[in-house]
Amino acid sequence: MIFSSEIFLFLFLPFVLFVYYCILFKSRTLQNLFLLIMSLAFYAYGEPWFVFIMMASIACNWAFGLLIDKFRENKRAAIAVIVAMLGVNLGILAYFKYWMFILGNINYFTGSYIPIPKIMLPIGISFFTFQAISYVVDIYRGKGQAQKNPLNVGLYIAFFPQLIAGPIVRYETIADQIHNRKSTFDDFSDGVCRFIVGLAKKMLIANSMGIVADAAFKLPAGELSVTMAWLGALAYTFQIYYDFSGYSDMAIGLGRMFGFHFLENFNYPYVSTSITEFWRRWHMSLSSFFRDYVYIPLGGNRVSKPRLILNLFVVWALTGLWHGADWAFVLWGLLFFVFLVFEKSVGFEKRLTSRWFVPLKYVYAMLIVVVGWVLFKAGFDANQAVMAGETANSLALTGSYLQTMFGLSGAPLFDDLAYFHWHETRYFYLFAVLFSFPIVPWLVSKGDKIKNPVGQFLFSSAYVLLFCCIFIIAVAYVVKGGYNPFIYFNF
Amino acid sequence: MNDNINTERKMESARTYANRILGFLFCLYLFIVVIQFGCSTNIKEFYWSARWKYEQLNESKPNQLLFNLAEGAGHASNIQYKKYRDIRRPYIELYGICQKHLGKDCLLNDYLVRLNNNQLTFLNPRVSDKDIELYAQKTQHLFNELNRKKIPFLFVMFPYKTHKEAPNLPRGVKDYTNDNADRFLQCLEKKKVPFIDVRQLYIDDPDRHYQLFYSGDHHWKPEYAYESYLYISKILSEQKSASAHFFSCTGMEYKDMKRIDCENPFSIPSQEALVGTSYLNKPEKTTFIIPKAHTDFILECSNLNLEKTGDLQSVFFPFFNPLQPIVHIHNNLVQNDNKVILISDSYSLFFIHFISLNNHNVDYIDPRVYNDDLYEYIQTTHPDIVIFAINPSCFLNSIFKKF
């Protein structure tokens, strides 16, 4: 089930809210149990069999949590539990997500013909596996108590707002909230606003951009013009941002409706003037997860320079691989590794501080990001093709696409298709660019500074009216159906 | 300092107040929508349709209890979902208005576009040469089987809304519907399967062609079906074909027919249902063309448990729902004993009564939903002719599965 569907908006969400607030309001335990049951139902709606894998994962990690708690004084035993936990969680992930990729590569490099089974990927497996790891590791680190009741572990791992596409909520963030959260109407209302923002991002901008991106990337190399290639690459750049940040907004908003406070996942990444800054603003829950659970345990930056580079290499190769089982994803991760190392070694952020360099630095950062998304999209499409039983060469696709973008393939500069897509989506590009900058927080802060009561009343009225209009239009786009995939469902 | 803090609090409370109103409105909205959906839901019907599907699945896969239950519930939900169109309608209209004001011609991804003459049309991707060849082979197989039994066969390619020579598509949009049909007919020609391409009727008059299609639906109007019938009749007569007498024009010339104007026969035009009415100029009227002379028909549709008797108007209008596996039509006033099998899509809803005017028995089979053995049915019925008539968008659906 997805948030931007009629069944979620008009059936699932009203039912869960009604039961949660009107029937079970007296018992937090019953509320938690109900949320867990509904979360499993939410997952089972699209993945009826994989829900059992998730339940098995919950049971295993609950047991690991208890064992860690038991062996708190015995460090060796605790580490053995951690290793076992990583084996189980990463084993599940490796089988479902990477087994086909591994076998395919063995066949390719050794010339063997090992039959490759078709393994369906459980939706959101990378997210709930990482949350499961976070649960046990945080207990080990003393950042949260082990839950005696497996249902609470279940709720943490499977809670439907963040189950499928994050943000990756760490156990330490909500360990206390499972029992001691406060559900207030102010929280609920904030959650509603946040949900509306996310829904609008997804339905109004991401989906419109997705049509252009798909049209550009599915074209054979010979039929793609330079303008269309750029339109497609930029469209995907905006699609992935509005799709994923929209989902995160909805998840954070839904969590807030039930009294949970998740950490932010995006902070206007497309205003970045360096790759380092971009990764401080993009998918913050993933980058901080890799920082705290991989990079720092490897020694972080308090090591020799060669070791530091190795640590960064491992982290970024894993970041790439986490996104998908394709070399294009690994290369995508390593692209950022190269530029991060470059920026670290030349002190990029500390130099060129004059405001005259800002546009130049912005162009540099965005160029790397857009090129990265071309690689990412090629990997994504290749993954989809493999799941559909077809073959695809993501690296060749990236190569030819980038050649066209930079006018090296002899493709025409402009064609009718580029005209059509620009004509169709010009306003959506405008909105996409506009809202990539923190224009809304700026406007809201300006509104907050209005001092006279009439001004405040007008501001509040405009605010309410705007949100109502945006919501109704977004719902209209939900109801008409059509293009509606969440990109990060596949990770 | 304290003043500043108080002002800050006041300012914060203004937005908090706005958020609270939004929270309240959101709950109210959900409440109203749930009540609306709830009132439109028929629990009893839901139960029976879910049970019917569950039992049907249980026969073939008895060991998949959970899956069958889920499928049953899904099937029943889909049936109920279709009933919610009145609730969904305002949203669809709003969607259409937004798209129109954003200057969009491509209204539903790359599937539905506004033509330059303001009509809506579905776009179809290119069907591979391999698939086209396969469909042509299947059609040839049917032709050969009938040939062995000495039953005449005729393939008819109906026109598509996007005109072959004047597609009227927005700049940059490609539609392969007519291209698919052209390649298919080329294959049939090579295989010597007889066919008539009705798209040629208005090949030189695209304006007339577009007038004879509904602006908000993919179907042709009855007038186009009538003129196509006359066109087929003329071509067959010119060819001195053995099939010509099944398309007789006796009593069907313009002078023998009368015109009845009525509202659009579709309760929901297919394209308008997807994007609303904002793109359409005005509600369209439909002109039915029926004989002036007295008629007497029997129409049976076992799937709908329907049997109608009477003159043409009372039997055929309003139209039965499309997507029926088989419909039997008997013309009681025709002297011949012709048995015709018409294998066709929903375009034939407007076409079938013209064939029925000169043939005693017509069986209209829609292969998309006909689940029995077609060849066995032909063997049992032993018709005098089999006509296979489709519109050019059919290469993308399951119409060829039965051949």
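Sequence lines set the chain letters: A, B, ... in the order given, protein chains first and strands last, and positions in each chain run from 1.
- Considering only heavy-atom pairs separated by less than 4.5 Å from chain B, the leading option among L11(A), D415(A), I472(A), L9(A) is I472(A).
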task = Could you check F471(A) against Y29(B) for ring pair (Phe, Tyr, Trp, His ring centres under 6.0 Å), going step by step and ending with a plain yes or no?
result = CA-CA 11 Å; F471(A) 178 64; Y29(B) 172 79; 5.2 Å; yes
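- Under a 3.5 Å cut-off, the side chain of R88(B) and the backbone N or O of V479(A) do form a donor-acceptor pair.
- Taken from CG in L13(A) to CZ in F26(B), the straight-line distance is 5.0 Å, to the nearest 0.5 Å.
- Screening V464(A), D187(A), D190(A) for a side-chain contact (heavy atoms from CB on, under 4.5 Å) involving N19(B) leaves a single residue, D190(A).
- Using a 4.5 Å cut-off between heavy atoms, F459(A) touches chain B through its side chain atoms alone.
- Nearest heavy atoms, G23(B) versus S189(A): CA-OG, 3.9 Å.
- Across D105(B) and H423(A), no two heavy atoms sit closer than the pair OD2-CE1, 3.9 Å.
- To the nearest 0.5 angstrom, Y95(B) atom OH is 9.0 Å from M203(A) atom CE.
- Ranked by heavy-atom pairs under 4.5 Å with chain B, the first of F467(A), F457(A), F420(A) is F420(A).
- A pairwise comparison of heavy atoms in A18(B) and Y463(A) identifies CB-CD2, 3.5 Å as the closest pair.
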ask   = Is there a side-chain contact (heavy atoms from CB on, under 4.5 Å) between I473(A) and C98(B) once you walk through the steps?
value = CA-CA 8 Å; I473(A) 292 172; C98(B) 290; 3.9 Å; yes
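- Residues passing the side chain to side chain donor-acceptor pair (under 3.5 Å) test with E165(B), sequence neighbours excluded: none.
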query = Under the side-chain contact (heavy atoms from CB on, under 4.5 Å) criterion, do V34(B) and F18(A) qualify, and how do the steps go?
reply = CA-CA 11 Å; V34(B) 168; F18(A) 175 76; over 6 Å; no
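- Judged by the 6.0 Å distance and 45° axis criteria, R171(B) is positioned over the aromatic ring of Y419(A).
- The structure places CD1 of I196(A) at 9.0 Å from CG of L25(B), a figure rounded to the nearest 0.5 Å.
- Contacts of F10(A) with chain B are made by both backbone and side-chain atoms, with heavy-atom separations under 4.5 Å.
- Residue with the most contacts toward chain A among I21(B), L102(B), L94(B): L102(B) (heavy-atom pairs, distance under 4.5 Å).
- Between G172(B) and L417(A), the shortest heavy-atom distance links the atoms O-CD1, 3.5 Å.
- Using a 3.5 Å distance cut-off with no hydrogens or angles, the side chains of Y91(B) and E6(A) do not pair a donor with an acceptor.
- Within 6.0 Å of the CZ atom in F31(B), the count of heavy atoms belonging to other residues, nucleotides or ligands does not exceed 12.
- Atom CZ of F50(A) is surrounded by more than 12 heavy atoms from other residues, nucleotides or ligands within 6.0 Å.
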inquiry  = Run Y477(A) and Q99(B) through side-chain contact (heavy atoms from CB on, under 4.5 Å) and show every step you take.
reply    = CA-CA 10 Å; Y477(A) 276 68; Q99(B) 295 286 82; 2.7 Å; yes
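- By the neighbour-count criterion of 12 heavy atoms within 6.0 Å, atom CZ of F414(A) is densely surrounded, having more than that number from other residues, nucleotides or ligands.
- Contact detail for K104(B) and F428(A): the closest heavy-atom pair is CD-CE1, 3.9 Å.
- If you measure heavy-atom distances from I7(A) to chain B, you find no contacts under 4.5 Å at all.
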